[in-house]
Amino acid sequence: MARGDLTDQEWAIIGPLLPSERGRWARPSGDNRRFLNGMLHILRTGCPWRDMHERYGKWNSVYVRFRRWAEQGVWDALLQTLVDLGLTDDWQHMLDSTVVRAHSQATGAKGAHAEAFGRSRGGFTSKIHARCDNQGRPLGFVLTGGQVSDYKAVNALMALPAPNPRAMLADRGYDSDSFRQDLLIHGILPVIPSRKGRSTPQKTDRRRYRDRNRIERMFNRLKQMRRIATRYDKTALSFMSFLNIAAARLWIRSFVNAT
């Protein structure tokens, strides 16, 4: 087993959740575990598909399966299944975002705006908006251009299929009367500092707000994967698929560590 590959315990969890490829196109299919390890190698190292290590088989076969499953929604369903199985810690959830710089080769295609690229002082960037549970485990993501306000992704993050928490922690970028009111209507306590210069500052439970660092640590763990720290993918679908695989790996490790 190479560095970064799935352990037997991890494969026992994720293996049954992947679709069977047996008999596809009337020829024997490769082992799902070997193919997934190849995808994890690309995710961890950030190398081009053509430079994938030969122990995982032909790079094109791994890439084709990655894209086919992405188009079929397998990676989205995988993360959602792990979230459902994991019994999320709904004492409090967190919202936050992080910006990733796009590689120059990722922005060469037309329609960069439609693929969630945005322009900033540093060039093309994308922004990952996320929601996590009280243990810092990702519940879902929204991808936008790097210049998009954090508040623009709130509705999509709140619409994720996850139970309502007791409290929602977020920084002052999410401070608005409408969002606070919507949280209270659904029985969720907003723990959000007021923006500077707000005419009517809102009280914030500072002791509880300290727990917001858990989503920042989650981003740090995700960005240890070089394919996440820098965006090499031209399409939003491929980048989001890698993001879902990285999030699934965090969930799987939490299952293994809990046993």
Side-chain angles (χ1 to χ4, degrees), residues 1-83 85 100 102-112 114-117 126 128 138 141 143 221-253 255-256:
M1 184 177 69
R3 178 172 178 262
D5 288 354
L6 293 167
T7 65
D8 292 339
Q9 290 177 304
E10 291 174 333
W11 177 247
I13 297 172
I14 195 173
L17 304 179
L18 298 176
S20 174
E21 292 285 310
R22 182 174 301 172
R24 183 176 177 83
W25 304 117
R27 64 179 183 181
S29 63
D31 177 38
N32 272 348
R33 182 174 182 176
R34 176 166 55 86
F35 276 54
L36 183 55
N37 281 333
M39 299 172 199
L40 290 173
H41 174 77
I42 297 292
L43 173 65
R44 182 175 60 84
T45 63
C47 69
W49 283 100
R50 292 177 182 271
D51 295 337
M52 186 189 72
H53 198 283
E54 60 186 8
R55 63 174 170 267
Y56 302 115
K58 296 181 179 180
W59 71 267
N60 188 61
S61 298
V62 179
Y63 169 74
V64 167
R65 187 170 301 189
F66 168 81
R67 278 292 301 186
R68 184 170 68 248
W69 284 359
E71 293 167 356
Q72 293 173 349
V74 171
W75 305 122
D76 296 331
L78 174 63
L79 176 58
Q80 187 58 50
T81 301
L82 291 171
V83 170
L85 294 175
V100 295
H103 193 272
S104 59
Q105 294 182 352
T107 59
K110 294 182 180 179
E115 298 297 341
F117 288 108
S126 295
I128 304 170
F141 306 97
L143 188 66
R221 291 194 295 272
L222 290 174
K223 284 189 171 184
Q224 290 176 15
M225 309 293 180
R226 293 191 175 186
R227 200 86 182 190
I228 304 301
T230 302
R231 180 173 171 180
Y232 297 99
D233 298 287
K234 291 184 179 181
T235 65
L237 177 62
S238 290
F239 185 72
M240 281 292 290
S241 297
F242 273 122
L243 193 57
N244 286 331
I245 294 174
R249 191 72 187 271
L250 295 184
W251 273 97
I252 294 170
R253 284 175 174 171
F255 293 155
V256 172

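The model shown is predicted, which means the values in this text are computed figures rather than measured ones. Values reported hereafter were calculated over all heavy atoms of this structure, with side chains retained and with hydrogens, waters and symmetry mates removed.
- Counting only distance, with no hydrogens or angles, the side chain of D51 and the backbone of C47 share no donor-acceptor pair below 3.5 Å.
- Ion pairing between D5 and R34 fails under the 4.0 Å rule for side-chain N and carboxylate O.
- The two residues E115 and T235 have their closest heavy-atom pair at OE1-CA, 3.3 Å.
- The shortest distance between side-chain heavy atoms of R68 and V74 does not fall below 4.5 Å.
- Between E10 and V256 there is a side-chain heavy-atom pair separated by less than 4.5 Å.
- Looking at every heavy atom in both residues, S126 comes nearest to R231 through OG-NH1, 2.9 Å.
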Report the C-alpha separation of D233 and R67 in whole Å, then their side-chain angles, then the decisive distance to 0.1 Å, and conclude whether the salt bridge (Lys or Arg N to Asp or Glu O under 4.0 Å) test is met.
CA-CA 12 Å; D233 298 287; R67 278 292 301 186; over 6 Å; no
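- At least one side-chain heavy atom of I128 sits less than 4.5 Å from a side-chain heavy atom of F239.
- For the pair D76/M240, no side-chain contact is recorded, criterion being any heavy-atom separation below 4.5 Å from C-beta on.
- By the 4.5 Å heavy-atom criterion applied to side chains, N60 and W49 are not counted as neighbours.
- The side-chain contact (heavy atoms from CB on, under 4.5 Å) test with I252 singles out one residue from L78, I14, L17, and that residue is I14.
- Residues F141 and L79 are in side-chain contact: their nearest non-hydrogen atoms beyond the backbone lie under 4.5 Å apart.
- Of the possible polar contacts, one joining the N32 side chain to the P19 backbone as a donor-acceptor pair under 3.5 Å is found.
- No donor-acceptor pair closer than 3.5 Å links the side chain of R249 to the backbone N or O of L40.
- Residues A248 and L82 approach most closely at CB-CD1, 3.5 Å, considering heavy atoms.
- Side-chain contact check for H41 versus H53: some heavy-atom pair is nearer than 4.5 Å.
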Go through the steps to decide whether F66 and F242 satisfy the test ring-ring contact (aromatic ring centres under 6.0 Å, His included), and finish with yes or no.
CA-CA 9 Å; F66 168 81; F242 273 122; 4.5 Å; yes
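- Between A102 and F117, the closest heavy-atom pair is CB-CE2, 3.5 Å.
- For the pair M39 and R65, the minimum side-chain heavy-atom distance is below 4.5 Å.
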